[in-house]
Amino acid sequence: MLDKNFDPAAFETRLYETWEQEGAFAADPSRNAKPFTVMIPPPNVTGSLHVGHALTMTLQDVLIRFRRMQGRDALWQPGTDHAGIATQLMVERELQREGTTRQAIGREAFLDRVWQWKAEQGSAITRQLRRLGASPDWSRERFTMDDGLSGAVRTIFVRLFNDGLIYRAKRLVNWDPEFRSALSDLEVEMREVKGNLWHLRYPIEGTDQAIIVATTRPETMLGDTAVAVHPDDARYRDLIGKTVVQPITGRKIPIVADAHSDPEKGTGAVKITPAHDFNDFAVGQRHNLAAPSILDRSARIALAEIRADCHPADPSFLDSLEGLDRFAARAEIVAHLDAIGALDRVEPHTHTVPHADRSGAVIEPLLTEQWFCNAAELAGPAITAVEDGRIEFVPKSWENTYFAWMRNIEPWCISRQLWWGHRIPAWYGPDRTIFVAETEADAKLQAEEHYGHAAALIQDEDVLDTWFSSALWPFSTLGWPDNTPELARYYPGDVLVTGFDIIFFWVARMVMMGLYVMGDVPFRTVMMNGLVRDERGQKMSKTKGNVVDPLALIESYGADALRYTVTAQSGAGRNIKLGPAMVETNRSFVTKLWNAARFCAMNDCRPDPAFQSGHAKLPLSRWILDAANRAVAEATEALDAYRLSDYALACYRFTWGDFCDWFLELAKPGLSGETGEARELRAVAADVLGTILRLLHPVIPFVTEALWDDFGYGEAGSLIRAPWPDRVAVAGAEVAHDEVSWVIRLISEIRAVRGEMNVPAASRIPILLRDADPGTIARAGRWHAEIARLARIASLEPLTSDMPKGAAQAIIDEATIILPLADVIDLAAERRRLASTREKTASEAEKIARKLANQDFVARAPEDVVAENRDRLDAAQAELARLDAALSRIA
RNA sequence: GGGCGGUUAGCUCAGCGGUAGAGCGUCUCGUUUACACCGAGAGGGCCGGCGGUUCGAUCCCGUCACCGCCCA
């Protein structure tokens, strides 16, 4: 006997271990089956499961379990990403607590510590994925720093370098001064910050005039090499070409005309600091300006590069700035300018400031030598692949975002000044000649050839952007560059599921690398999932304190309830709102299924291998089997089209609305006993329950597998591999459908009238049918017991004598249902009820009549639409007549 | 400033040329061979505004408003 409620804690771990131990998640390249491949977007190894993971991983698991049941050789490739910055930060913090630093212990010892950390704590997220019920092939788990994957990184770096697609250059990059590393554009987050617009007076040489420039970053003025005005700005036309004297450094700099300067903003004149601003850098290039840096790698003032050109009025002030933090320097400079009368005014100003998305530090554009990847070149084929449909986005509108970014892609800065990551396979000779090779030995050979003798080489200190290795994931995990059976079979994959927030990190770069290395796209479909928000639609954040912990939700309501909730909420690509209340609500569906099964078990509805659903005879059997067919079709179509919420809802409707509310209720009395009919009903109940369990397994794997086992549909833990249900031809489905639908409508009508007339639930009333066809009367006779029970009536017979006094009436098709309620009926209320129904029907009829009276409609609308409206008008008018008759009877 | 998406029942969302839907919430009734994490019933909508196309518009087009996101 099953417990009254499903207790997830009692099943989840055990079932999961059974699956995993029996190899149920494993792909098998030797199997003769079509593969279905999903590459997990590898979560950060430092991460722990958040609701975003819960969403995207659930959706992937639904897809993979569905295809696995369809008999596909399903590979869901799991693993984690070494997350250079995040992981290094984690371990550095540990060291800090121990009172040491990575510099103090050295690179090698530090890397040992990171690996140690990874061994001890790097599997949190994979453990948590197990709690969620995710079913990737753990035996193939990979880590981006594994030997094989690291080898792939080196091989591809060398190949790209030799093809001229990777190069070293001194360019302005996004610099994280806290972390002291370059970052890519994508790792920078623009945040709105309240600041000031400082209006500064720059004297014009040889006059007593000054030009007022507006800036949000006064400290960078030390590196100014020009002032720019708009060429069409009449206010400044005469000043173009003149020289101004930078108030602190005394450097003489030109006023240049450049369209970068916006006449509407500030004063229309801006100072140009090429080494500390991306726009200014471009202006500098157009006007051949020098680009001296005035900040070091920790964003402290460094005067070395400007010393030579300085003629400060106050040298001691300038000297006092050396080594100051940029924000301290800002305060000093503003105060000094104010003191010397160079501060015109200060205007509060909100502007966007780049921040490092990991460390949170304000990004400093800094001129440094870095490795770059020519992304524009790689983007070409990646754009074509989406244009010509080799890759499709779901929903399609995301393709625009992809195109927009890809068509304006900037060189990708791939070097990071970190220790944890793939060390760049480049070595420098004594004269800084670069030798790029997969191994140091190769590099030495190259150097020997180059110099004519052996030379001492020093390897580049830097490592690669983590996303460089992630971009190779779809093939590096399959053994590339070796020609493994896995690579041949599982590349390209079928679908990549991910949030739109990493469309550029993941999708774009994997497509570029896949095409470059493999000559083929990495996946056919990109399914975008939305962002998870809290119950009020707010973005979750630690500072807001509205973060929902999926593990706590699993703890409280079970993994199935969480999985069902996120799946049902996940419209294609839209944001989903999630909170405990929603999961709690959806848990009731899991409970409902559990209880329906419990009821079946109590009535001995067990799977009967001899039963053939196609041979069912009872209309009720045929009706539910036919409805099951429709549910199977709907669910399958929805899954095929990646409409996972439609899939979840279709299963819900069928299970709750058809199976529980009507089939089980109508079948109840007929289930017991040893008649053939009872046996058939039990077999049908078990058969349909089996279909439901299979349909729902991808989304709620635990409860379905527990029931599968309990009912003996298959061996313990075998639902995960059970075949996906197919439609089964049901004899007489249409007739059964008409018949049972009529019964349902009749019961519903009677219930509605009872409800509105406040007939006590306990009172069993007789029902009469007026004007009913013989067929209807026969039907009513066949279903008498069921109707009597569910509509709580005493009898159901055709009206043969006079109309009883004080009766409520309702219309069903040609017949009028009569509920004699002489004692209890409120005639006025009944008249109101009938009149209101009449009103609705009349207005409906009038609307259709008006439509049909329109000659244009009749002439131009498709014939079937016109015919349909004629039918509807006939029906409405007939019903109207019956309602009028009913009304006149109680007038 | 450029682009994308949204605006449908109190809430969350489906629908997307031809009869406006679901779940939750609300109200009423209810212990009847599973389930109160339940059952039965009811109420609730000028489908954001204004134009246009069409025989017909929640749906297509234009425009405006508001909201969200991305890129400058």
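Side-chain atoms are counted along with the backbone in the values below, which use heavy atoms only and exclude waters and symmetry mates. Below, read A as the first sequence line, B as the second, and so on, with proteins coming before strands; counting in each chain starts at 1.
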Self-check item: Base versus backbone protein contacts along nucleotides 38-43 of chain B [heavy-atom cut-off under 4.0 Å; B, S, -]
Solution: SSSS--

Quiz item: How would nucleotides 67-72 of chain B be written as a contact map, 5' to 3', with B for base contact, S for sugar-phosphate-only contact and - for no contact, using protein heavy atoms under 4.0 Å?
Solution: ------

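Taking the ring-ring contact (aromatic ring centres under 6.0 Å, His included) definition, one finds that A:Trp708 meets it with A:Tyr713, sequence neighbours left out. By the side-chain contact (heavy atoms from CB on, under 4.5 Å) test, A:Ser763 is found to be paired with A:Arg754, A:Val759, A:Pro760, A:Ile765, residues two or more places apart in sequence or in another chain being considered.
Between A:Glu399 atom CD and B:rG5 atom P the separation is 12 Å, expressed in whole Å. Counting to the nearest Å, the P atom of B:rC37 and the CZ atom of A:Phe599 are 20 Å from each other. In this structure, the CG atom of A:Asp646 is 15 Å from the P atom of B:rG23, given to the nearest Å. Taking atom CD of A:Gln569 as the reference point, atom P of B:rC24 lies 13 Å away to the nearest angstrom. As a whole-Å value, the separation of A:Asn603 CG from B:rU32 C1' is 14 Å. Atom-to-atom, CG of A:Leu649 to C1' of B:rG15 comes out at 13 Å; the value is rounded to the nearest Å. Distance CG (A:Leu531) to P (B:rC4): 20 Å, rounded to an integer number of Å. Atom-to-atom, CD of A:Glu634 to C1' of B:rG15 comes out at 13 Å; the value is rounded to the nearest Å.
A salt bridge links A:Lys668 with A:Glu665: the closest approach of a Lys/Arg side-chain nitrogen to an acidic carboxylate oxygen falls below 4.0 angstrom. Looking at A:Arg682 and A:Glu680, no side-chain N of the basic residue comes within less than 4.0 Å of a carboxylate O on the acidic one, giving no salt bridge. Ion pair A:Arg653/A:Glu634 flagged as a salt bridge, since at least one NZ, NE, NH1 or NH2 atom sits closer than 4.0 Å to an Asp/Glu carboxylate oxygen. For the pair A:Arg838 and A:Glu844, the salt-bridge criterion is not met [side-chain N within less than 4.0 Å of a carboxylate O]. Salt-bridge check for A:Asp813 with A:Arg745: passed, with a basic side-chain N closer than 4.0 Å to an acidic carboxylate O. The pair A:Glu879-A:Arg882 fails the salt-bridge criterion, with no side-chain N (NZ, NE, NH1 or NH2) lying under 4.0 Å from an Asp/Glu carboxylate O.
Here, B:rA65 and B:rG49 have their C1' atoms 7 Å apart, quoted to the whole Å. Comparing the P positions of B:rU32 and B:rC27 gives an interatomic distance of 24 Å, to the nearest angstrom.
For A:Met602, taking side-chain heavy atoms from C-beta onward, the closest of the listed nucleotides B:rG30, B:rA34, B:rC37 is B:rA34. The A:Phe857 side chain lies nearest to B:rG18 when the options are B:rC37, B:rA34, B:rG18. Listed candidates were B:rU33, B:rC55, B:rU19. Nearest to the side chain of A:Glu844 is B:rU19. Distance from the side chain of A:Ser397 is smallest to B:rG5 among B:rU32, B:rG5, B:rG18. The listed nucleotides are B:rC35, B:rA20, B:rG18; the one nearest the side chain of A:Lys847 is B:rA20. Nearest to the side-chain atoms of A:Thr591 among the listed nucleotides B:rU28, B:rC35, B:rC4 stands B:rC35.
Among the protein residues, A:Arg587 comes within range of the nucleic acid bases, having at least one heavy atom under 4.0 Å from a base atom. Note on A:Pro760: nothing from the nucleic acid sits closer than 4.0 angstrom, heavy atoms only. Within 4.0 Å of A:Arg754, counting heavy atoms only, lies no atom of the nucleic acid at all.
Minimum heavy-atom separation, A:Ile750 to A:Ile817: CG1-CG2, 4.2 Å. Closest non-hydrogen pair, A:Ala597 versus A:Phe711, comes out as O-CZ, 3.1 Å.
Interatomic distance, A:Leu821 CG to A:Gln809 CD, rounded to the nearest 0.5 Å: 10.5 Å. For the atom pair OG (A:Ser261) and CG (A:Asn279), the distance works out to 11.5 Å, reported to the nearest 0.5 Å. From A:Cys651, atom SG reaches atom CZ of A:Phe659 across 13.5 Å, with rounding to the nearest 0.5 Å.
The phosphate of B:rU19 has neither OP1 nor OP2 within less than 4.0 Å of any side-chain N or O from A:Lys851.
Between A:Leu197 and A:Thr215, every side-chain heavy-atom pair lies at or beyond the 4.5 Å cut-off. Put simply, the side chain of A:Trp594 reaches to within 4.5 Å of the side chain of A:Leu707, judged on heavy atoms.
Taking a pair as Watson-Crick or G-U with both hydrogen-bonding distances under 3.5 Å, the stems of three or more pairs touching RNA chain B are B:1-7 with B:65-71, B:10-13 with B:21-24, B:26-30 with B:38-42, B:48-52 with B:60-64.
Comparing A:Ala596 and A:Asp856 by the nucleotide of RNA chain B that holds the closest heavy atom to each, the one mapping nearer the 5' end is A:Ala596.
Contacts between residues 868-883 of chain A and RNA chain B, defined by a heavy-atom separation below 4.0 Å, involve A:Arg872, listed by number.
Between the side chain of A:Lys4 and the base of B:rA34, no donor-acceptor pair under 3.5 Å is found.
Ring centroid separation for the pair A:Phe702 and A:Phe6 does not come in under the 6.0 Å cut-off.
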